[in-house]
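First the structure, in the form of C-alpha cells, and then the observations on it.
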Amino acid sequence: MTWHVAEEDLRAYAHGELAPPLLWSADTHLAGCAQCRARLAGATDPVALDTAWERLDAELDAPRPALLERLLVRLGVADHTARLLAATPVLRRSWLLSVLFLLVMTVLAVRVVDKPALFLALAPLLPLAGVALSYGPSLDPTYEMAVVAPLHGFRLLMIRTVAVLTAGLVFNGLATLALPGYGLLALSWLLPALALTTTGLALTARLGPVVAPVLVGGGWLTLLLVATARTPAQDTLAPFTAAGQSAAAVVAALAALLLYQARDRFDARPLAGFQDGGTA
C-alpha cells in the first residue's frame with residue numbers, strides 16, 4: 001500500500017474534525033493499514049480518548065427510556081423533566097391498573113345497590129392519594145433524583161400534580177361514563193376532588209406529605225358519614241348538592257391561594273422534618 005493518510009488529516013481525524021469525503025477515505029484506509037493506525041494512536045490525546053470511552057460506556061449502560069418518557073420528549077418536554085415524570089410512582093402501570101380495577105369494581109357495586117354515593121365518595125380520594133404518593137422522601141422512591149434535578153421543589157410538585165391529576169381524572173371520567181343514569185350527579189365528584197387535592201397540597205407545606213393527605217382524606221370520610229346520618233335515604237348528600245359544590249369550589253380556590261403563598265417551603269431540600277411526616 002503506497003498511499004497513507006496525511007499527517008494533518010490524521011490529526012483532524014483524531015479530534016473528530018475531518019469532514020467527508022476525506023473522512024470516508026481515512027476510515028477505509030485505517031481499517032487495513034496498521035502503520036496509519038499506529039500513527040493515529042500517537043496523534044490521539046490520551047485524556048480525550050479516555051473521556052470518550054467513559055462517555056460511550058455511560059451511553060451503553062444507560063437504561064433505555066420508557067415509552068412514556070420518549071413520548072414526553074417528543075412532545076417537547078425537557079429530558080430531565082420527562083425522566084422525573086416517567087419515574088413518578090403513581091404513573092406506573094401497577095398503580096394505574098389498581099386504580100382502574102378499583103373504579104370498575106366500584107361502578108359495578110353502584111349498579112347493584114343503586115347508590116351513586118359509593119362512587120362519589122371514592123373518586124375524590126384517588127387524585128389526593130395519587131398526588132400524595134408522588135412527592136416526598138417517605139413515599140417517593142425517586143425522591144433523591146428529584147432533589148438534585150434542576151427544578152424548584154414547587155415546580156416539580158406542580159408538574160407531577162398535573163400529570164397525576166390528568167391520569168386520575170381521565171380514569172374517573174371513564175368510570176363516570178358507565179353511570180349515565182345518574183346524569184350530572186355522576187360528575188359531582190370533580191369539584192370535591194380538586195378541593196381535596198389542593199387542600200392536601202397546601203397542608204403538605206406545613207404537615208408533611210404523609211400527615212396532610214391522611215387528615216384531608218379522613219376529614220372527607222367524616223364529612224360523608226355525618227351527611228349520610230343527617231340526610232334522608234332518597235336525598236342527595238350535602239357535598240353533592242349545588243350548595244356543596246359551591247363550597248367545594250370555594251375551598252379549592254382558597255387552598256390554591258394558600259398553596260401558592262407557601263410555595264417557597266417546597267424548595268427546602270430535602271423537606272426537612274418531613275421524613276417521618278412531621279412538621280418542618
Side-chain angles (χ1 to χ4, degrees), residues 90 98-99 102-136 139 157 161 164-165 167-176 178-179 181-262 277-279:
V90 295
S98 299
V99 170
L102 183 60
L103 287 173
V104 169
M105 297 305 296
T106 304
V107 169
L108 291 177
V110 169
R111 285 185 170 275
V112 171
V113 300
D114 194 27
K115 289 193 176 296
L118 292 175
F119 173 75
L120 298 178
L122 171 69
L125 292 174
L126 294 179
L128 173 66
V131 172
L133 292 172
S134 298
Y135 192 83
L139 301 173
L157 177 65
T161 296
V164 173
L165 278 177
L169 295 181
V170 166
F171 278 146
N172 282 355
L174 292 175
T176 300
L179 301 171
Y182 298 105
L184 293 178
L185 178 62
L187 292 173
S188 58
W189 56 268
L190 181 57
L191 284 174
L194 294 177
L196 294 184
T197 302
T198 51
T199 302
L201 289 173
L203 292 179
T204 293
R206 296 183 177 278
L207 303 179
V210 177
V211 176
V214 169
L215 287 179
V216 173
W220 170 248
L221 294 177
T222 301
L223 174 64
L224 290 179
L225 289 175
V226 171
T228 301
R230 296 186 175 184
T231 304
Q234 302 302 321
D235 290 350
T236 302
L237 295 181
F240 309 116
T241 62
Q245 294 289 288
S246 300
V250 171
V251 170
L254 291 176
L257 178 61
L258 292 175
L259 174 61
Y260 181 76
Q261 291 178 339
T279 58

Self-check item: Stepwise side chain to side chain contact (heavy atoms under 4.5 Å, CB included) check, Phe171 with Val104
Solution: CA-CA 10 Å; Phe171 278 146; Val104 169; over 6 Å; no
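- Between the CG atom of Leu201 and the OG1 atom of Thr161 there is a distance of 4.5 Å, given to the nearest 0.5 Å.
- Separation of atoms CG (Leu169) and CG (Leu190) is listed at 6.0 Å; rounding is to 0.5 Å.
- Legend: residues meeting side-chain contact (heavy atoms from CB on, under 4.5 Å) with Asp235, ordered by chain and number and at least two apart, are Thr231, Pro232.
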Exercise. Please step through side chain to side chain contact (heavy atoms under 4.5 Å, CB included) for the pair Val210 and Thr204, ending with a clear verdict.
Key: CA-CA 8 Å; Val210 177; Thr204 293; over 6 Å; no
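- Closest of all the heavy-atom pairs between Pro239 and Leu224 is CG-CD2, 4.0 Å.
- The nearest pair of heavy atoms linking Ala212 to Gly200 is CB-O, 3.6 Å.
- Of the possible donor and acceptor atoms, none in the side chain of Gln245 sits under 3.5 Å from a partner among the backbone N and O of Leu191.
- Checked against side-chain contact (heavy atoms from CB on, under 4.5 Å), Val214 has no partners two or more places apart in sequence or in another chain.
- One N or O on the side chain of Arg111 and one on the backbone of Ala178 form a donor-acceptor pair closer than 3.5 Å.
- Here CG of Leu184 is found 11.0 Å from OG1 of Thr176. Values are rounded to the nearest 0.5 Å.
- Side-chain N or O atoms of Ser188 include one that pairs as donor or acceptor with a backbone N or O of Leu185 at under 3.5 Å.
- In this structure, CG on Leu223 lies 9.0 Å from CG on Leu237, to the nearest 0.5 angstrom.
- The shortest non-hydrogen separation linking Ala252 to Ala195 is CB-CA, 3.8 Å.
- Between the side chain of Thr241 and the main chain of Ala238, a donor-acceptor pair closer than 3.5 Å is present.
- The residue from Leu259, Val251, Leu254 that alone fulfils the side chain to side chain contact (heavy atoms under 4.5 Å, CB included) condition with Thr199 is Val251.
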Ignoring hydrogens and angles, write down the donor-acceptor pairs under 3.5 Å from the side chains of residues 114-132, residues two or more places apart or on other chains.
residue : atom : partner : partner atom : Å
Asp114  : OD1  : Tyr182  : OH           : 2.6

